[in-house]
Amino acid sequence: MNVQLDAVSHATVGRFGLKLCVSVFIAAMGKTNFVMAASGWLALYAIFTSVITTAFRERFPADYFSHWDEALWLITVSVGIRLARQVLA
């Protein structure tokens, strides 16, 4: 199965991956709890992405991956990290 993404969707997936890597890097450099720091940075990126989405007036149900999708992915990973920490602690 070969799936082709359009340019906007490809850029959205790339931004998500970049924000994920930057969050992990910043959390690793800090002196606080790594898991909570990474989760916090991801949540902060989700908030900023939501503000950008609102400023650009993007519609949520779109035919491509938009900033809304990116914000949802970021907050899902952030909450997932926090839940995994709670379960495993």
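None of these values were measured; they are calculated from a predicted model. What you see below is based on every heavy atom in this structure, not just the backbone, and it leaves out hydrogens, waters and symmetry mates.
- Under the 4.5 angstrom side-chain criterion for Ile, Leu, Val, Met, Phe, Trp and Tyr, the cluster partners of F56 are I52.
- Contact check for L72 versus F60: side-chain heavy atoms found under the 4.5 Å cut-off.
- When the side chains of ILVMFWY residues are joined at heavy-atom separations under 4.5 Å, either directly or via intervening members, L20 and M36 end up in two distinct hydrophobic clusters.
- Scored by the ring pair (Phe, Tyr, Trp, His ring centres under 6.0 Å) test, W41 finds no partners at all (sequence neighbours excluded).
- Residues in residues 49-67 take part in no salt bridge (charged side-chain N to carboxylate O under 4.0 Å, His left out) pair, two or more places apart or across chains.
- With sequence neighbours excluded, the residues that form a side-chain contact (heavy atoms from CB on, under 4.5 Å) with Y64 are D6, V8, S9, A62, S66.
- Partners of V79 by side-chain contact (heavy atoms from CB on, under 4.5 Å), not counting sequence neighbours, listed by chain and number: I75, L83.
- Applying the salt bridge (charged side-chain N to carboxylate O under 4.0 Å, His left out) test to every pair with at least one member in residues 17-33, sequence neighbours left out, gives these pairs: K19-E70.
- The two residues L42 and S23 come nearest to each other via the heavy atoms CD2-OG, 3.5 Å.
- Clustering of Ile, Leu, Val, Met, Phe, Trp and Tyr side chains at separations under 4.5 Å leaves I47 isolated, with no partner residue.
- Summarising the geometry of F65 relative to T12, their closest heavy-atom pair is O-OG1, 3.0 Å, with the distance given to 0.1 Å.
- Judged by distance alone, with hydrogens and angles left aside, the side-chain atoms of S39 form a donor-acceptor pair with the main-chain N or O of S78 at under 3.5 Å.
- Annotation: ring pair (Phe, Tyr, Trp, His ring centres under 6.0 Å) contacts involving residues 10-33, sequence neighbours excluded, comprise F16-W73.
- Legend: residues meeting side-chain contact (heavy atoms from CB on, under 4.5 Å) with V35, ordered by chain and number and at least two apart, are N33, I81, R85.
- Judged as a side chain to side chain donor-acceptor pair (under 3.5 Å), and not counting sequence neighbours, S50 has no contacts.
- One hydrophobic cluster, built from ILVMFWY side chains closer than 4.5 Å, cannot hold both V51 and W68; they sit in different ones.
- Here OG1 of T49 is found 11.5 Å from CG of D69. Values are rounded to the nearest 0.5 Å.
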